[in-house]
Amino acid sequence: MFNLEATLFCGQTFVWQKDESSYRGVINHRLVTLDVNEPFSKIVSDPFLRHYFDLEYPYEEAETHLAALDPALGALLNSHRSIHILNQDPWETTLSFITSQNNTIRRIRNLLNALRATYGKEVAPNHHALPTANELLSGSTEDRLRALGFGYRAEYLLGAARNVELLARVEDQEDEEALRALQQIHGIGPKVASCILLFAYGRKDIFPLDTWTRRILSEYYPEEDPSFFSPYGGIAQQHLFYAERRKIGLHW
DNA sequence: GGCCAGGAGGCCT
DNA sequence: AGGCCTCATGGC
């Protein structure tokens, strides 16, 4: 099928946790539990999960194209076979990546869990969904979000909630237009906008540039820019990032 | 062990 | 170019 472990823990989502027997995550107001030993039967047979895990996308085609660009990248793709780009909920992705800015993975997870527990619906015993934009606007204030530890990101979250209708239009916009539209939201810059497009809207050619991917590019592809990987920059970026994180043991 | 400075998958002014 | 919330981390 695909590499579930890499797909869930390559940095595109913060909602999944793993224990001895299962992967667990609340996505789109639903608790999903996958057996660690045999996760794919449930995924394949569930239309929502098929879409979430992007089963219909031709990854072989993309990976063949990328492998032809550079043998080292080809080897990487082969060893990861395959990282899928999730089709996540746009609003949840927006919350997640606004929270991620200038922050560590551990803290991002803790903050999002606090947001769930405080404002989200309990969809299963002890499992809360992320709050909807309306739930956040009706239940929270900047001060309350700061009290949870969001710091200066507090006003960004509320601003995004007030402008949630912008997300509905992205589906019909080209990449460049969508990037500009998302950045109209206070607190969403190029990096967060790119992550939303790639991880919620399946824009496979979006290559989010952050401190990690800039460094990776300058180290391994000093002569290139993200367009080198076009039209699969997002997929390439995910493999490069995952490999770099594994190399230094930053797995979470 | 305790303390503290710099950094963490940016963005705004 | 600086400042920003906060906190886990590593260096002393």
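The structure presented is a predicted model; accordingly, all values stated were derived computationally and were not measured. Numbers restart at 1 for each chain; the letters A, B, ... are given by sequence-line order, proteins then strands.
Projected onto DNA chain B by closest heavy-atom contact, A/Tyr156 and A/Pro208 fall at different nucleotides, the more 5' of which corresponds to A/Pro208. Both A/Thr104 and A/Arg153 lie near DNA chain C, and the one whose nearest nucleotide falls closer to the 5' end is A/Arg153. Along DNA chain C, the nucleotide nearest to A/Asn110 and the one nearest to A/Phe150 differ in position, and the one closer to the 5' end is contacted by A/Phe150.
Salt-bridge check for A/Asp19 with A/Arg24: passed, with a basic side-chain N closer than 4.0 Å to an acidic carboxylate O. Using a 4.0 Å cut-off between charged side-chain N and carboxylate O, A/Glu63 and A/Arg81 make no salt bridge. A salt bridge links A/Lys204 to A/Asp54: at least one charged side-chain nitrogen sits closer than 4.0 Å to a carboxylate oxygen. Under 4.0 Å is where a charged nitrogen must lie from a carboxylate oxygen, and between A/Arg146 and A/Glu142 at least one such pair does.
For C/dC5 and B/dC3, the P atoms lie 26 Å apart once the distance is rounded to whole Å. Comparing the same atom, P, in C/dC12 and in B/dG7 gives a spacing of 14 Å after rounding to whole Å. Of the P atoms belonging to C/dG10 and B/dG9, the separation is 13 Å, rounded to the nearest Å. On the P atoms, B/dA8 is 14 Å away from C/dG11, given to the nearest whole Å. Atom P of C/dT6 sits at a distance of 24 Å from the matching atom of B/dG2, rounded to the whole Å.
Between A/Tyr156 and A/His186, the ring center distance clears the sub-6.0 Å criterion.
Nucleotide C/dC5 forms a pair with no other nucleotide shown, judged by Watson-Crick or G-U wobble geometry with both contacts under 3.5 Å. The base-pairing partner of B/dG1, taking Watson-Crick or G-U wobble contacts with both distances under 3.5 Å, does not exist among the strands shown.
Put simply, CD1 on A/Ile108 is 18 Å from P on B/dG7, counting in whole angstrom units. Put simply, CG on A/Asn103 is 16 Å from P on B/dG7, counting in whole angstrom units. Remark: C1' of B/dC11 and CZ of A/Phe97 are 16 Å apart, rounded to the nearest angstrom. Rounded to an integer number of Å, the gap from CD of A/Glu142 to C1' of C/dC5 is 11 Å. Atoms CD1 (A/Ile98) and C1' (B/dG10) sit 11 Å apart, rounded to a whole Å. As a whole-Å value, the separation of A/Arg215 CZ from B/dG7 P is 14 Å. Rounded to an integer number of Å, the gap from CD of A/Gln183 to P of B/dC12 is 8 Å. When the P atom of B/dC11 is taken as reference, atom CD of A/Glu155 falls 14 Å away, rounded to whole Å.
With distances taken from any side-chain atom of A/Pro190 to the nucleotides B/dG9, B/dG10, B/dC11, the minimum falls on B/dC11.
Phosphate proximity of C/dT9 to A/Arg106: present, with a side-chain N or O under 4.0 Å from OP1 or OP2. Proximity of A/Thr211 to the phosphate of B/dG10: a side-chain N or O atom is located under 4.0 Å from OP1 or OP2.
Donor-acceptor pairing under 3.5 Å, judged by distance alone, is absent between the side chain of A/Arg107 and the base of C/dC7. For B/dG10, the base has a donor-acceptor partner in the side chain of A/Tyr152 [N/O atoms by modelled type, under 3.5 angstrom].
A/Ser140 and A/Tyr119 share a donor-acceptor pair across their side chains, judged by distance under 3.5 Å alone.
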